[in-house]
Number of protein chains: 2
Amino acid sequence: MADPQPQPRNTGAHVVYGELKRQILSLELKPGERIYEPAMATALQVSRTPLREAIRRLISESLLEQQATGGVIVPVLDQTAISELYDVRAALESLMAREACANATEADLEELRGIVARNAALVEFADEAMKYGVALHAAIARIAGNSWAQRFHEQIASQVERYRYFTNNAPERRDEALANHRLLVDAIASKDAEKAAKVAFDHVIGARDETLRVISSTGLVIE
Amino acid sequence: MADPQPQPRNTGAHVVYGELKRQILSLELKPGERIYEPAMATALQVSRTPLREAIRRLISESLLEQQATGGVIVPVLDQTAISELYDVRAALESLMAREACANATEADLEELRGIVARNAALVEFADEAMKYGVALHAAIARIAGNSWAQRFHEQIASQVERYRYFTNNAPERRDEALANHRLLVDAIASKDAEKAAKVAFDHVIGARDETLRVISSTGLVIE
DNA sequence: AGAAGTGTACTTGTATACAAGTATCCAACT
DNA sequence: AGTTGGATACTTGTATACAAGTACACTTCT
């Protein structure tokens with residue numbers, strides 16, 4: 001919704017963009033792998049022109065990386081990036097929580113409470129719990145109504161997606177997240193912007209530390 | 001430095017990108033104006049291919065706008081956007097101030113103090129004062145070392161640049177900014193992350209409100 | 001054998017030709 | 001006169017052909 005291309009005019013470049021993005025986020029295209037235009041173009045059944053357009057767009061989102069030598073590669077996964085990403089995400093979600101305080105109507109609050117309630121009911125199921133966590137953040141973003149914050153947040157979310165394989169979903173983590181979500185919605189309901197901002201910030205920082213802990217224990221991510 | 005294209009390999013598309021960006025930020029290309037590829041290509045002495053590459057990149061930075069009908073226009077100036085931009089900027093600068101607290105060496109602090117001192121000495125000259133304000137933020141961004149925050153901050157700065165014509169530089173505003181800068185550097189020096197974050201946030205919010213006040217009084221920006 | 005130089009194959013960047021879709025303007029008809 | 005239809009000119013999207021630069025491998029010379 002905050003996307004620069006409001007309605008994806010069904011052009012070949014857009015299709016290719018979506019397909020490439022999917023392959024990158026799912027790690028189907030392996031980190032460090034180089035993209036050769038002619039081969040990729042034939043693989044995707046288009047000419048180099050729309051493919052290049054898609055590649056350039058992905059580079060601008062750092063989902064591909066232009067190398068100094070001239071080649072284009074899928075960015076490698078590294079631990080520093082995760083920390084930076086979560087920090088920026090914390091700042092953005094904190095801001096959106098703050099702005100949601102100013103804008104939330106009673107209907108909005110009901111929506112938020114409903115999401116948390118469903119989250120609570122399904123907290124024992126990892127994937128469901130995560131889905132409602134995402135839904136809550138999306139709802140807050142919508143209520144906040146800051147298109148730039150939303151847009152940057154979406155870019156951050158795409159980046160984090162690549163590391164999803166490494167994030168765990170331990171039950172105690174889900175309980176903690178649920179508690180934070182309750183606190184957050186309460187703060188928004190009471191129009192306490194400072195508190196909402198702080199709760200959102202600390203919540204994401206907590207997720208960051210947990211993710212870093214898990215990743216360093218597996219030792220799978222390089223650099 | 002946080003740019004997706006590390007070294008601008010001297011390709012035509014990059015030159016065109018820089019030139020178009022310059023024209024957009026300086027309002028040489030007027031807000032609302034449509035870009036026709038063939039005409040612009042001949043004007044810039046390149047073919048449509050590198051021009052399109054530059055246009056797409058500018059669209060991804062919201063310095064150009066793809067319309068639903070298919071045309072590309074220079075985005076119009078609107079007051080809501082300013083408010084959103086400053087809010088996100090506040091969140092990002094707040095984060096960078098926080099992270100600068102954790103990372104700043106004694107040499108870094110000396111650099112910050114030096115910038116503020118020069119700012120103080122030249123506070124009566126509007127353009128110089130602004131230059132040092134920018135330098136301070138740039139130094140803090142470097143010290144914070146969060147490439148994503150830097151990158152988003154640069155995009156925000158580009159956007160705000162288009163509204164520069166409307167921002168005033170009243171002497172009392174400059175004094176206030178200088179005072180805030182002193183507070184900010186002191187907070188960073190004392191490693192008080194929470195305070196630094198709050199000072200940076202409030203500082204930018206203050207600038208936002210002042211800018212909005214000036215713009216609404218001139219009544220020049222539309223929509 | 002090792003190093004250097006040359007040639008070949010392949011990469012990306014650019015120009016141009018072509019196709020498809022859209023708006024505009026004029027004319028003809030109701 | 002207003003509206004509708006069609007033809008034309010122009011837009012963007014795509015494919016392909018071409019140019020320039022780079023890396024690699026092979027050969028040759030010391």
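Each chain gets a letter, A, B and so on, in the order the sequences are listed, and its residues count up from 1.
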- Query: In whole angstroms, how far is the P atom of D:dG21 from the CG atom of B:Asn10?
  - Reply: 12 Å
- Message: Measuring from atom CD1 of B:Ile156 to atom CD of B:Glu161, what distance do you get when rounded to the nearest 0.5 angstrom?
- Response: 13.5 Å
- Message: Nearest to the side chain of A:Arg48, heavy atoms from C-beta on, is which of D:dT11, C:dT12, D:dG13?
- Response: C:dT12
- Message: Starting the side chain at C-beta, find the nucleotide from C:dT11, D:dT11, C:dA15 nearest to B:Pro38.
- Response: D:dT11
- Item | Point-to-point distance, once rounded to the nearest 0.5 Å, from CD of B:Gln150 to CZ of B:Arg142 | 9.5 Å
- D:dG13 P sits how many Å from A:Tyr17 OH, rounded? 17 Å
- Query: Where each residue is assigned the nucleotide of DNA chain D containing its nearest heavy atom, which of A:Thr49 and B:Arg34 is assigned the position nearer the 5′ end?
  - Reply: B:Arg34
- Does A:Arg52 put a side-chain nitrogen or oxygen below 4.0 Å from OP1 or OP2 of C:dG13? yes
- Contact check, side chains of A:Ile55 and A:Glu37, non-hydrogen atoms, under 4.5 Å: yes
- Query: Nearest-Å distance, CG (A:Leu44) to P (D:dT14)?
  - Reply: 13 Å
- Query: What is the distance from CD1 of B:Ile35 to C1' of D:dT11, rounded to the nearest Å?
  - Reply: 14 Å
- Item | Criterion side-chain contact (heavy atoms from CB on, under 4.5 Å) on A:Ile143 and A:Leu112, from CA distance to verdict | CA-CA 10 Å; A:Ile143 295 167; A:Leu112 296 181; 4.1 Å; yes
- Note on the structure: Regarding the side chain of A:Tyr36, the nearest nucleotide among C:dT11, C:dA15, D:dT11 is C:dT11
- Return the value, rounded to whole Å, for the distance between atom CD of A:Gln67 and atom C1' of D:dT22. 14 Å
- Within less than 4.0 Å of OP1 or OP2 of C:dT14, is there a side-chain N or O belonging to B:Thr11? yes
- Message: How many whole angstroms separate atom CD1 of A:Ile55 from atom P of C:dG13?
- Response: 9 Å
- Given atom CD of B:Glu37 and atom P of C:dA15, what is their separation to the nearest angstrom? 14 Å
- Whole Å only: how far is the CZ atom of A:Arg56 from the P atom of C:dT14? 9 Å
- Decide whether A:Gln155 and A:Gln159 meet the rule of one side-chain donor and one side-chain acceptor closer than 3.5 Å. no
